[in-house]
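Written out below as structure tokens is the structure these notes cover.
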Amino acid sequence: MIKPGGSTCNLDCTYCYYLSKEALPNGPGTGRMSDETLERFIKQYIAGVTGPEVVFSWQGGEPTLLGMEFFHKVVALQKKHAKPFQKIENDLQTNGTLLNDEWCGFLKQHRFLVGLSIDGPQEIHDQYRVTKGGKPTFDKVFNAVQLLRRHGVPFNTLTCVNRFNGRRPLDVYRFLKNEVGSTYMQFIPIVEYKGFERTAPQHWDSAVLPRDGDPETHPGHPDSVVTDWSVDADDWGYFLCSVFDRWQKNDIGKVWVNHFETLVSQHMGLGSQLCIYGEFCGKGVAVEHDGGIYSCDHYVYPEYRLGYIKDSTLDLKVFSRTQVQFGYAKNELLPGYCRSCDYLTDCWGECPKNRILRTRDGEPGLNYLCPGYKKFFAHAIPAVERIASVLSRQPVHARKRM
């Protein structure tokens, strides 16, 4: 995951976990990736991939602030350094507010897959996704939807499920399907430890973390462990269950939802398609604008900086002992409560950065979203197993993405 503009953004979304990187002591700060660092990264990344496809994921902040000239340079450097047998792919995560006909023409010409951030219909989207001046952004984002569709640019939607829209799942789903025309939906639960601006994950004081079931596990409590805009764990379970029921009834094979698709894959024995549900992690390495390499996009803190591209090759950092230990720690630090759970292999403790609770017995490492996930898995798995059974009997070439 490449952050060529760091945390620089033209929006001021209330729940953004990345804007605070600007002021993080000894952090990446703000800036723009230099031409030298860009070419070094592209060259090293392509060289380190042994398979036939190399996927570049451009994120931010807001990457379109770098301008099209920057991305023309990206495409040229990829062609320069590509191996003869490799196919180069690009995806771009954007808030959409700066897209225009020229941008969309470029994205279409160079086969970029776009991830568009949109949280639901206007009154929902504008609750948290605002400009630096606090103005709403929905109209500009929905204009981006029209532009992408008119130019035939493939796009997915990324919806942050927060304390506000977590209670309106069907309003969000219907809007994304019917108004936006999204056929691949990514839902990301917003969970931020209160103090995340300065405190790196796993560097909090575990002894003072609340236990599962304590009032402090809910957003809005004066002493809550999470920010006010974080989704309530129970609402996250309600959101997933509600969308799953509507999807199962009407949209299997028509709309792909990241959490449902990966759960079916897991019950077909094919493994997780999302790092959060994998047994181990460590593959989602982030590269900052200054060439800094971090263990994960959610771990861009000095404590998790693996080094810099200029100091050694990217592959040596990615396969370093430090990063391997980081990846295995996801499994090794699971509390006993999780290991005895019926849904262990569906969840694997989800993302470690969300493990901000203690179990009722006081053991640290319980995921904040655990109650919601247990509700969702209990509700959805019987149907998921039926879907997986049908798909498993089909020839591989006859299967669609689900």
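The residues of the chain are indexed from 1 along the displayed sequence.
Put simply, OG on Ser206 and CD1 on Ile356 are 11.0 Å apart, with the number rounded to the nearest 0.5 Å.
Judged purely by atom type and a 3.5 angstrom limit, Glu192 has no side-chain atom pairing as donor or acceptor with the backbone of Thr227. Ser265 places no side-chain N or O within 3.5 Å of a backbone atom of Gln273 that could act as its donor or acceptor partner. Put simply, the side chain of Asn95 gets close to the backbone of Thr97: a donor and an acceptor are under 3.5 Å apart. Between the side chain of Ser242 and the main chain of Phe239, no donor-acceptor pair closer than 3.5 Å is present. The backbone N or O of Val226 lies less than 3.5 Å from no partner atom in the side chain of Glu216, so there is not a single donor-acceptor pair. The main-chain N or O of Ala388 is found under 3.5 Å from a side-chain atom of Ser392 such that the two form a donor-acceptor pair. Side-chain atoms of Glu288 do not come within 3.5 Å of backbone N or O of Asp290 as any donor-acceptor pair. Using modelled atom types, no side-chain atom of Gln248 and backbone atom of Ala383 make a donor-acceptor pair closer than 3.5 Å. With hydrogens and angles disregarded, a donor-acceptor distance shorter than 3.5 Å links the side chain of Arg149 to the backbone of Val180. Judged by distance alone, the side chain of Asp126 and the main-chain N or O of Phe138 form a donor-acceptor pair under 3.5 Å.
Within the 4.5 Å cutoff, the side chain of Tyr173 has heavy atoms near those of the Val255 side chain. Residues Lys177 and Asp251 form a side-chain contact, since some pair of their non-hydrogen atoms from C-beta on lies under 4.5 Å apart. Counting heavy atoms from C-beta on, the side chains of Asn367 and Arg355 come closer than 4.5 Å. In this structure, His379 and Asp245 have side chains that are in contact, with non-hydrogen atoms separated by less than 4.5 Å. Residues Leu357 and Cys370 have side chains not in contact (no heavy-atom distance under 4.5 Å, counting atoms from C-beta outward). Using a 4.5 Å heavy-atom cutoff, the side chains of Met33 and Ile2 are in contact. With a 4.5 Å cut-off on side-chain heavy atoms, Tyr301 and Leu24 count as touching. Side-chain contact between Thr131 and Asn10: absent, with no pair of heavy atoms (C-beta onward) separated by less than 4.5 Å.
Within a 6.0 Å radius of NZ in Lys132, more than 12 heavy atoms belonging to other residues, nucleotides or ligands are found. Heavy-atom neighbours of Arg339 CZ from other residues, nucleotides or ligands within 6.0 Å: above the threshold of 12. Heavy-atom contacts from other residues, nucleotides or ligands closer than 6.0 Å to CD of Gln146 number more than 12. Residue-environment remark: NZ (Lys43) stays at or below the threshold of 12 foreign heavy atoms within 6.0 Å. Under a cut-off of 6.0 angstrom, the local environment of OH in Tyr238 is sparse, with at most 12 non-hydrogen atoms contributed by other residues, nucleotides or ligands. Enclosure of atom CD in Glu53 by more than 12 non-hydrogen atoms of other residues, nucleotides or ligands within 6.0 angstrom is indicated. Residue Lys194 qualifies as enclosed at atom NZ: its count of foreign heavy atoms under 6.0 Å is above 12.
Residues Gln93 and Ser117 bring a donor and an acceptor atom of their side chains to less than 3.5 Å of each other. Inspection of the Arg163 and Tyr15 side chains reveals no N or O donor paired with an N or O acceptor under 3.5 Å. In the model, Glu62 has a side-chain atom that pairs as donor or acceptor with a side-chain atom of Thr64 under 3.5 Å.
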Side chain to side chain contact (heavy atoms under 4.5 Å, CB included) between Leu158 and Leu116, worked out: CA-CA 6 Å; Leu158 187 152; Leu116 184 68; over 6 Å; no
Stepwise side chain to side chain contact (heavy atoms under 4.5 Å, CB included) check, Lys310 with Thr37: CA-CA 8 Å; Lys310 64 181 180 181; Thr37 300; over 6 Å; no
Salt bridge (charged side-chain N to carboxylate O under 4.0 Å, His left out) between Arg174 and Asp171, intermediate numbers included: CA-CA 5 Å; Arg174 279 193 295 258; Asp171 289 340; 3.0 Å; yes
Gln59 vs Asp91, side chain to side chain donor-acceptor pair (under 3.5 Å): CA-CA, chis, key distance, verdict: CA-CA 9 Å; Gln59 301 217 7; Asp91 56 67; 5.1 Å; no
Residues Lys80, Glu39; criterion salt bridge (charged side-chain N to carboxylate O under 4.0 Å, His left out); working and verdict: CA-CA 10 Å; Lys80 175 181 176 181; Glu39 181 160 17; 2.8 Å; yes
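Aromatic ring centres of His289 and Phe41 lie farther apart than the 6.0 Å criterion allows. A distance below 6.0 Å separates the ring centres of Phe326 and Tyr299. A ring-centre distance under 6.0 Å is not found for Tyr128 and Trp229. For Tyr45 and Phe56, the ring centers are positioned less than 6.0 Å apart. Checked against the 6.0 Å centroid threshold, Trp247 and Phe260 count as a close aromatic pair. Separation of the His259 and Phe187 ring centroids does not fall under the 6.0 Å cut-off.
Thr217 approaches Tyr368 most closely through the heavy-atom pair O-CE1, 2.9 Å. For the pair Lys353 and Val191, the tightest heavy-atom approach, listed with the atom from each and the gap, is NZ-O, 2.5 Å. Considering all non-hydrogen atoms of both residues, Ser230 and Pro219 come closest at O-CG, 3.4 Å. Here the closest non-hydrogen pair linking Val231 and Val161 is CB-O, 3.5 Å. When all heavy atoms of Pro335 and Gly365 are compared, the pair lying nearest together is CD-O, 3.5 Å. Arg129 approaches Asp119 most closely through the heavy-atom pair CD-OD2, 3.4 Å.
Aromatic ring pairs are classed by plane angle as parallel below 30°, tilted from 30° to 60° and perpendicular above 60°; the pair Trp58 and Phe71 is perpendicular. Phe377 and Tyr343 have tilted rings, their planes meeting at an angle from 30° to 60° on a 0 to 90° scale. Relative ring orientation between Phe112 and Phe106 is described as tilted, the plane-to-plane angle lying within the 30° to 60° band. The aromatic rings of Phe142 and Phe175 lie tilted to each other, with the angle between the two planes from 30° to 60°.
In this structure, Lys3 fails the cation-pi test against Tyr294, since its NZ or CZ atom is not both closer than 6.0 Å to the six-membered ring centre and inside 45 degrees of the ring normal. A cation-pi contact, defined as under 6.0 Å to the ring centre and within 45° of the axis, is absent between Lys317 and Tyr308. In this structure, Lys83 forms no cation-pi arrangement with Phe85, as its terminal cationic atom is not both closer than 6.0 Å to the ring centre and no more than 45° off the ring axis.
Evaluation of the salt bridge (Lys or Arg N to Asp or Glu O under 4.0 Å) rule for Lys330 yields no partner, not counting sequence neighbours.
Among the candidates Lys108, Met68, His151, the single residue satisfying the side-chain contact (heavy atoms from CB on, under 4.5 Å) test with Trp103 is Met68. Residue His125 forms a side-chain hydrogen bond (donor to acceptor under 3.5 Å, both in side chains) with just one option from Asn165, Thr137, Asp139, and that option is Thr137.
Checked for salt-bridge contact, Arg211 and Glu363 miss the test: no charged N lies under 4.0 Å from a carboxylate O. A salt bridge links Asp101 with Arg150: the distance from a Lys NZ or Arg NE/NH1/NH2 to an Asp or Glu carboxylate oxygen falls below 4.0 Å.
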